[in-house]
Amino acid sequence: GILSYNEFARTLFDKAPVEFHIATEDLERLNPIVKHKLVIYCLWLAAYGVGVLDTQALLAELRQLGSGTELEYFIEKFEFDYAKAAKKAQLSGGAGEAASGTAEDKVKFAVEGLVQLSELNAEEPIPGEYASMFTTIVRGGFPSADPALAEQLVSGFPWGGPAESTVESP
C-alpha cells in the first residue's frame, strides 16, 4: 500500500536532510502561497500518483491548492482515487497494487508540481531564485533518484517546448 499523507510527511521530516527543510522555509518566505505542507503534498502525489492517476489532473489540483483550496479535501480525494485505481488493477489480474511511474517520471512531476504550486508560468524557465530551492526540495523528496536528475530537470524546464506538448497521445 501507500503511506498516508501524514505518515509520508513524518517520514520525510525525519529522513530529509537539513537543506530540504531550509529550502522549504526559504520557498515559503519567497512565495507565501507555497506552504511547507503543500510542498509535502506535491511530493506525496509525485511518489504515489505518477503512473497511477492522470498527472495533468493532479497538476491542475496543485494549481488550485496554491489559490487557497482546502488541502484536506485533496488528500481524501487522492486516497479515494488511488484506492479505486488499485482495485481496478486487482480486478484486471494485478496484485492489488496500482502501477507506479519511474523515478524520473516522479521527479519530473515533483518539479512541475512545484511550478504549479508557486503559480509560475509553466512555459518559461524556472526563475533562478526558485531553481536551487526546487532542486534541493526534489532531491530531499527522492533521495534514491540520481542527484543530477533534479538539477537537470529544473535547469531544463520547460521540457520539449510547445511543439512536443501538442503531440501527447490520447
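Just the heavy atoms: all of them, side chains too, but no hydrogens, waters or symmetry mates, feed the values below. Because the structure is predicted, anything quoted here is derived from the model rather than measured.
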Discussion item. Nearest 0.5 angstrom please: L114 CG to I126 CD1, how far?
Written reply: 8.0 Å
Worksheet item: Please, which pairs that meet salt bridge (charged side-chain N to carboxylate O under 4.0 Å, His left out) have at least one residue in residues 76-85, sequence neighbours excluded?
Response: E61-K77, K77-D81
Worksheet item: Any idea how Y82 and F78 line up, ring-wise: parallel (<30°), tilted (30 to 60°), or perpendicular (>60°)?
Response: tilted
Worksheet item: How far does CD of E25 sit from CG of L30, to the nearest 0.5 angstrom?
Response: 13.5 Å
Discussion item. Membership question, hydrophobic clusters at under 4.5 Å side-chain separation (ILVMFWY): are F13 and F20 in the same one?
Written reply: no
Item to complete: Any chance you could measure I22, atom CD1, to M133, atom CE, to the nearest 0.5 Å?
Response: 12.0 Å
Worksheet entry | Sequence neighbours excluded, every pair satisfying ring pair (Phe, Tyr, Trp, His ring centres under 6.0 Å) that has a member inside residues 113-140 | Y130-F134
Item to complete: Could you tell me which non-hydrogen atom of G49 sits nearest to which non-hydrogen atom of L58, and how far apart they are?
Response: CA-CD1, 4.2 Å
N/O donor to acceptor pairs below 3.5 angstrom from side-chain atoms of residues 33-47, sequence neighbours left out:
from: K35; atom 1: NZ; to: P32; atom 2: O; distance (Å): 2.7
from: H36; atom 1: ND1; to: T24; atom 2: OG1; distance (Å): 3.0
from: Y41; atom 1: OH; to: F74; atom 2: O; distance (Å): 3.3
from: W44; atom 1: NE1; to: L3; atom 2: O; distance (Å): 2.9

Response to the item:
To the nearest 0.5 Å, atom CG of N31 lies from atom CG of L120 at 7.0 Å
Discussion item. Ignoring hydrogens, what is the shortest heavy-atom contact between A122 and Q116? Give both atom names and the distance.
Written reply: CB-NE2, 3.8 Å
Discussion item. Under the rule for side chain to side chain contact (heavy atoms under 4.5 Å, CB included), what residues qualify as partners of E104, not counting sequence neighbours?
Written reply: T102, L149
Practice prompt. Verify side chain to side chain contact (heavy atoms under 4.5 Å, CB included) between I2 and F8, making sure each step is shown before the conclusion.
Written response: CA-CA 9 Å; I2 67 171; F8 182 83; over 6 Å; no
Worksheet item: Closest approach of F142 and A110, non-hydrogen atoms and distance?
Response: CE1-CB, 3.9 Å
Worksheet, complete the sentence: Value for CH2 (W159) from CD (Q152), rounded to nearest 0.5 Å, stands at 12.0 Å
Worksheet item: How close do L65 and L71 get, heavy atom to heavy atom, and via which atoms?
Response: CD2-CA, 3.7 Å
Worksheet entry | From CA spacing to verdict: side chain to side chain contact (heavy atoms under 4.5 Å, CB included), S118, L27 | CA-CA 9 Å; S118 303; L27 180 58; 4.3 Å; yes
Practice prompt. Might you work through the side chain to side chain contact (heavy atoms under 4.5 Å, CB included) test for V107 and D146, ending with a clear yes or no?
Written response: CA-CA 10 Å; V107 170; D146 177 355; over 6 Å; no
Worksheet entry | Salt bridge flag under 4.0 Å for residues R29 and D26 | yes
Discussion item. The test is side chain to side chain contact (heavy atoms under 4.5 Å, CB included); show your working for K106 and Y48 and say whether it passes.
Written reply: CA-CA 8 Å; K106 293 175 182 197; Y48 296 113; 6.0 Å; no
Item to complete: Kindly state each residue pair satisfying salt bridge (charged side-chain N to carboxylate O under 4.0 Å, His left out) with at least one member in residues 7-20, sequence neighbours excluded.
Response: none
Worksheet item: Which residue pairs pass the salt bridge (charged side-chain N to carboxylate O under 4.0 Å, His left out) test with at least one member in residues 132-144, sequence neighbours excluded?
Response: R139-E151
Worksheet, complete the sentence: Between F157 and E124 the two heavy atoms that sit nearest each other are CD2-O, 3.6 Å
Worksheet entry | Nearest atoms (heavy-atom pairs only) where A150 meets V138 | CB-CG1, 3.9 Å
